[in-house]
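Order of the sequence lines fixes the chain letters, A, B, ..., with proteins taken first and strands second; residue numbering starts at 1 for each chain. Note: hydrogens, waters and symmetry copies are ignored here, and every other heavy atom, side chains too, is used. In this text the structure is predicted, and so the values were computed from the model without any measurement.
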Number of protein chains: 4
Amino acid sequence: MPRAVREQQMLDAAVRTFARRGYRNASMDDIAEQAGVSKPLVYLYLHSKDELFAACIRREAASLVAAIRAAVEHDAPADRRLWSGLHGFFAHTAEHPDGWVLLHVQARTHGGPFALEVVAMRAEIVEFVTQALTAAARENARCGSARGTGRITGGEASGLAYALVGAAESLAEWAGDPAGGGPSAEEAAATLMNFAWTGLGSLMRGERWSSGEHTPA
Amino acid sequence: MPRAVREQQMLDAAVRTFARRGYRNASMDDIAEQAGVSKPLVYLYLHSKDELFAACIRREAASLVAAIRAAVEHDAPADRRLWSGLHGFFAHTAEHPDGWVLLHVQARTHGGPFALEVVAMRAEIVEFVTQALTAAARENARCGSARGTGRITGGEASGLAYALVGAAESLAEWAGDPAGGGPSAEEAAATLMNFAWTGLGSLMRGERWSSGEHTPA
Amino acid sequence: MPRAVREQQMLDAAVRTFARRGYRNASMDDIAEQAGVSKPLVYLYLHSKDELFAACIRREAASLVAAIRAAVEHDAPADRRLWSGLHGFFAHTAEHPDGWVLLHVQARTHGGPFALEVVAMRAEIVEFVTQALTAAARENARCGSARGTGRITGGEASGLAYALVGAAESLAEWAGDPAGGGPSAEEAAATLMNFAWTGLGSLMRGERWSSGEHTPA
Amino acid sequence: MPRAVREQQMLDAAVRTFARRGYRNASMDDIAEQAGVSKPLVYLYLHSKDELFAACIRREAASLVAAIRAAVEHDAPADRRLWSGLHGFFAHTAEHPDGWVLLHVQARTHGGPFALEVVAMRAEIVEFVTQALTAAARENARCGSARGTGRITGGEASGLAYALVGAAESLAEWAGDPAGGGPSAEEAAATLMNFAWTGLGSLMRGERWSSGEHTPA
DNA sequence: GATGAATGAGACTTCATTCAT
DNA sequence: AATGAATGAAGTCTCATTCAT
């Protein structure tokens, strides 16, 4: 059996095991057994538990980012771009729940280089969302259909993006919950769009919540 | 020194250590040393590492829920109630970052009873938010100020609540980031209100996003 | 059982095992079993295999140097001082063959800090011998009993000292050989004195070997 | 490439690696890589780590003994024979420091058959030196140039030989020290001759050191 | 109430060695 | 003749946990 295949098998097993049991609780014995190979072979190919973990993180992060990029409909209007990206995100995390848990939960437990890669990936996504929101605001202002100023500040865009990504992660967790009852990828994306798109519209009309107004505008 | 005090010291040390290093990497030696007592005493009071961890989770979860409950202004209008709860949440997590990390990050790493307690706490918060949103919709319909039907389905409310809680957690993490740049509790709560309250308003007016409309309404 | 006693027992076992099997072949399991304690206790007290080895080297080196110092008769004439030192050396190495093997054979196998300590000890002994030889030459010159110049150069003294120490080590090995047949400490010391003292006398008379003279002077 | 050449390359690599890192620390991977061949080939030719080590010892021991034999000027007088042998020894060890370290340091670390081969080689050298000394005594007695009895006992000759070999080894180590400052082969041989030859002369004159005489005769 | 002393179990990692090709 | 692929066995080290005092 060629090396590259074996290596992917090992990574598959490692992702599963790390995701389900956490870094420290996942033993190299477990992983090797899952992969159907002997422990020394894992070391021969992947050198150490740390490097194995890092390889898992890298593979899953790259896979997720690639899935999102592939899902985005580049020539569509801004809202459609945002929706397609979100849909790609939810579809991918639903199909690879272990990978998502690895990135979202386990990688943060580990200080140092591992968490940094996840932070970088997350930053990339936040950046993508921020740009999508800003682009939407610009497009909207240009076609003149909004009644307000069409302006949102950079800080507001960042805050919105953070909140949106967090909300997406939360929904992904709900969606990935094996207990069932969670939404499908389409539903999750639509929920977020309902949530975010109208919120963005309100902001662009200059509406802000303040503790003085007690009814939703 | 009375037993109750010693026990709290141990829990303090354990929360810090578990939050910073994770369950498996935190050794009982470390915790005992942090607490300034000998290891057998920790065992005398808290019986095992698992029970110690569970006690930490319980204390921090109860503390967070209590803080939110105390912050809610019960007699205020719905939006104010929601805002005050969010503000209580952000204020507490900002003041007890270790406790928050313990609940949000570490407890999920552990299968079994630990994660369940956190899930329960989270469910409690989601429930609170769902009720706040539903109440807001009812109040709003009653006072007749909305142009729409004032109806949101239960599923929509749940989805919104999930998204809101996830967004709040994401913002809390940003806010708690020692690298700085994150928002204050007030800013975070306001961002979420801007995000959620206007979105809720739109929903109540019957506006939904669909892939056919490309500009925020 | 108090800690200090246990620690010495561990060091005893470690010296034996390291000396007989070499650093790498001596397993911590072996040593712990020899010492009659569990392996974790060895780690609790001595931290690592390296530190354990270093502690052995230090103890044995200090013990040997102390034995030589104690044996030297400080107020005696130079030759008697040299003899008493040599005798102390041979007596100690004969009584602690494992310690001697540890210093002479095993410590050199290991690069880095271990060998350096042995090199330092050896340098100390060489220095002692060099001074004894120089002092003997001075005394001898003062009392006028020598027919020659009474001069030996520093380089010659160093070379002699190196050779003498090497010869002593070789004889110690012979003496320590369990196969028997080796000399007693007294015999070994006397052999070296016959070897060195008369050689020194010849040198002081200005006699040097050269390839032209074929008979011992 | 013919087998014999490959085999020598492997032995070269093995000698270097064993000498620099010790038996246990030298891995077959290292050696194979050094030799520029694959590991199974090493096993095909040399069967096991132990046999490889033994082959190294044998080759280096034979090489050293051969160098000494070749250096001895058989028809010269006794002192010249001894000197030429010593010179050959120092020249060879200086030229093949790894081989010398292998024999002098590493082989002793290993119990069993390895050390025995080195012991045998050493015994051969000691025997050669003993015979050279005895022959010198006989020649000297025959030509009548000595004032004493010309007699030394067999035990004295053996002790002298042991001391001489040990001194030579010590000087070889000094000479081989990469830190420099050590003597050249010529200087080392001359130092030993000064040391030994005059000492032998004294012995043959019947002079012995005893604790009663405090000045070199 | 409190602790110094001690250990069984298990983790990561390395390495000599062998097949199938 | 030569090697890529693979593993059983063993070693160092850590840690939760318990007594005797």
Side-chain angles (χ1 to χ4, degrees), chain A residues 1-7 10 23-32 35-53, chain B residues 1-3 6-7 23-32 35-53, chain C residues 1-7 10 23-32 35-53, chain D residues 1-3 6 23-32 36-53:
Chain A
M1 183 171 304
R3 169 167 180 158
V5 175
R6 274 268 200 260
E7 218 169 292
M10 291 179 196
Y23 179 83
R24 283 290 306 250
N25 254 345
S27 79
M28 295 299 269
D29 278 288
D30 293 343
I31 293 170
V37 298
S38 74
K39 207 172 18 162
L41 196 57
V42 180
Y43 277 90
L44 189 60
Y45 285 177
L46 289 146
H47 312 314
S48 77
K49 196 182 188 181
D50 264 30
E51 281 192 42
L52 173 57
F53 192 64
Chain B
M1 183 171 307
R3 169 167 179 158
R6 274 263 206 262
E7 218 169 291
Y23 179 83
R24 284 289 306 252
N25 260 342
S27 79
M28 296 297 270
D29 279 287
D30 291 343
I31 294 170
V37 299
S38 75
K39 208 173 15 164
L41 196 57
V42 179
Y43 276 88
L44 189 63
Y45 285 178
L46 289 146
H47 314 312
S48 79
K49 195 183 187 183
D50 265 28
E51 283 192 43
L52 173 56
F53 191 65
Chain C
M1 183 170 305
R3 169 168 181 157
V5 175
R6 275 269 201 258
E7 218 168 292
M10 292 179 195
Y23 179 83
R24 283 289 307 249
N25 255 343
S27 81
M28 295 299 269
D29 278 288
D30 291 344
I31 294 171
V37 298
S38 72
K39 204 171 23 162
L41 197 57
V42 179
Y43 277 92
L44 189 61
Y45 285 177
L46 288 145
H47 313 313
S48 77
K49 197 182 187 183
D50 264 28
E51 280 192 43
L52 173 56
F53 191 64
Chain D
M1 184 171 304
R3 169 165 180 159
R6 273 265 205 263
Y23 179 82
R24 284 288 306 250
N25 260 342
S27 80
M28 295 297 270
D29 278 288
D30 291 344
I31 293 171
V37 298
S38 75
K39 210 173 15 166
L41 197 57
V42 179
Y43 277 88
L44 188 63
Y45 286 178
L46 289 144
H47 313 312
S48 79
K49 195 182 188 183
D50 264 28
E51 282 192 43
L52 172 57
F53 191 65

Run the side chain to side chain contact (heavy atoms under 4.5 Å, CB included) test against C:Tyr43 and tell me which residues pass, sequence neighbours left out. C:Met28, C:Lys39
Report the secondary structure of DNA chain F in dot-bracket form, marking unpaired bases with a dot and bases paired to a different strand with |, and treating Watson-Crick or G-U pairs with both distances under 3.5 Å as paired. .||||||||||||||||||||
Nearest-angstrom distance from the residue atom CG of D:Leu52 to P of E:dC15: 16 Å
Can you check the C:Glu7 CD to E:dA6 C1' distance for me, whole Å? 15 Å
In terms of heavy-atom contacts, B:Ala32 and B:Ser38 come closest through CB-C, 4.1 Å
Once salt bridge (Lys or Arg N to Asp or Glu O under 4.0 Å) is applied, do any residues pair with C:Glu7, and if so which ones, sequence neighbours excluded? C:Arg3
Here the distance between atom C1' of E:dT3 and atom CZ of C:Arg3, to the nearest Å, is 15 Å
Quick one: which of A:Asn25, A:Asp30, A:Asp29 gives a side chain to side chain donor-acceptor pair (under 3.5 Å) with A:Ser27? A:Asp30
Judged by nearest nucleotide, the residue sitting upstream toward the 5' end of DNA chain F, B:Ser27 or A:Gly36, is A:Gly36
Report the residue (B:Tyr23 or D:Arg6) whose heavy-atom-nearest nucleotide on DNA chain F is the more 5′ of the two. D:Arg6
Kindly state which residues belonging to residues 41-49 of chain A come within less than 4.0 angstrom of DNA chain F, counting heavy atoms of the residue only, listed by number. A:Leu41, A:Tyr45
Could you check C:Glu51 against C:Leu46 for side chain to side chain contact (heavy atoms under 4.5 Å, CB included), going step by step and ending with a plain yes or no? CA-CA 6 Å; C:Glu51 280 192 43; C:Leu46 288 145; 5.6 Å; no
Rounded to whole Å, please give me the gap between CZ in A:Phe53 and C1' in E:dC12. 16 Å
Which residues share a ring pair (Phe, Tyr, Trp, His ring centres under 6.0 Å) with A:Phe53, sequence neighbours left out: A:Phe18, A:Tyr23, A:His110, A:Phe114
Under 4.0 Å between any heavy atoms, over every strand shown, what does C:Ala26 touch: base, sugar-phosphate, or nothing? Just pick one. sugar-phosphate
Find every protein N or O atom lying less than 3.5 Å from an N or O atom of nucleotides 8-10 of chain F, and list the pairs.
none

Heavy-atom closest contact (A:Met10 atom, A:Val42 atom, distance): SD-CA, 3.8 Å
Separation of F:dT12 atom P from C:Glu51 atom CD, nearest Å, is 15 Å
Find the distance C:Met28:CE to E:dT13:P and express it as a whole number of Å. 19 Å
Using a 4.5 Å cut-off on heavy atoms from C-beta on, say whether the side chain of D:Lys49 contacts that of D:Ile31. no
Distance in angstrom units between B:Asp50 CG and F:dC15 P, rounded: 16 Å
Write down the distance between CG (C:Asn25) and P (F:dT12), rounded to a whole number of angstrom. 10 Å
